[in-house]
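Shown next, in structure tokens, is the structure this report addresses.
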Amino acid sequence: MKLDHRSIQVGLSRDIVQRYVDEWVVEIRDLTALTHKIFAHLRDGRVDRATALLPPEKRYPLAENLAKRVGAE
């Protein structure tokens with residue numbers, strides 16, 4: 001299935017990777033079963049049920065000028 005978005009892979013230096021692993025990662029969860037449920041609902045046309053299973057989105061704080069620049073509302 002083609003997605004409506006793209007991603008960018010960014011290389012990190014060794015020091016940053018170490019900090020990421022040791023300090024910044026606070027939780028790792030296996031969401032395989034949940035994603036299978038969401039996909040099944042989408043496949044069956046039950047978008048409302050799939051949406052209800054998604055975690056709440058958190059607004060990322062952006063300065064007004066930056067938000068305008070990146071097209072965020």
Side-chain angles (χ1 to χ4, degrees):
M1 174 173 35
K2 184 178 178 187
L3 301 176
D4 292 333
H5 61 275
R6 303 200 186 286
S7 64
I8 298 173
Q9 183 175 353
V10 178
L12 301 174
S13 69
R14 182 173 295 152
D15 294 336
I16 295 297
V17 170
Q18 195 63 48
R19 287 188 66 193
Y20 180 82
V21 170
D22 292 338
E23 301 172 27
W24 300 339
V25 174
V26 295
E27 179 182 23
I28 297 175
R29 289 188 285 160
D30 183 358
L31 299 173
T32 304
L34 177 61
T35 57
H36 284 233
K37 284 182 189 179
I38 292 169
F39 177 75
H41 286 314
L42 291 173
R43 182 191 61 225
D44 297 339
R46 297 186 305 245
V47 176
D48 56 331
R49 290 186 183 186
T51 303
L53 294 174
L54 295 173
E57 290 189 26
K58 297 177 185 174
R59 183 176 291 266
Y60 189 84
L62 288 176
E64 188 176 331
N65 63 332
L66 180 57
K68 285 181 182 178
R69 186 172 181 182
V70 300
E73 295 180 13

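Here, residue 1 is the first one in the sequence, and each next residue gets the next number. Values below: all heavy atoms of this structure, side chains included; hydrogens, waters and symmetry mates excluded.
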About how many Å separate [atom2] of [Y] and [atom1] of [X], when rounded to the nearest 0.5 Å?
X: Thr51; Y: Leu42; atom1: OG1; atom2: CG; answer: 7.0 Å
X: Lys37; Y: Thr32; atom1: NZ; atom2: OG1; answer: 12.5 Å
X: Leu34; Y: Leu53; atom1: CG; atom2: CG; answer: 5.5 Å

Option from Val21, Ile28, Asp22 for which side chain to side chain contact (heavy atoms under 4.5 Å, CB included) with Val25 holds: Ile28

Residues passing the side-chain hydrogen bond (donor to acceptor under 3.5 Å, both in side chains) test with Arg59, sequence neighbours excluded, are none

Step by step, would you call Asp15 with Ser13 a side-chain hydrogen bond (donor to acceptor under 3.5 Å, both in side chains)? CA-CA 6 Å; Asp15 294 336; Ser13 69; 5.3 Å; no

All pairs passing salt bridge (charged side-chain N to carboxylate O under 4.0 Å, His left out) where residues 42-52 contributes a residue, at least two apart: Asp44-Arg46

For residues 61-72, please give each side-chain donor-acceptor pair under 3.5 Å, one per line with the distance, not counting sequence neighbours.
none

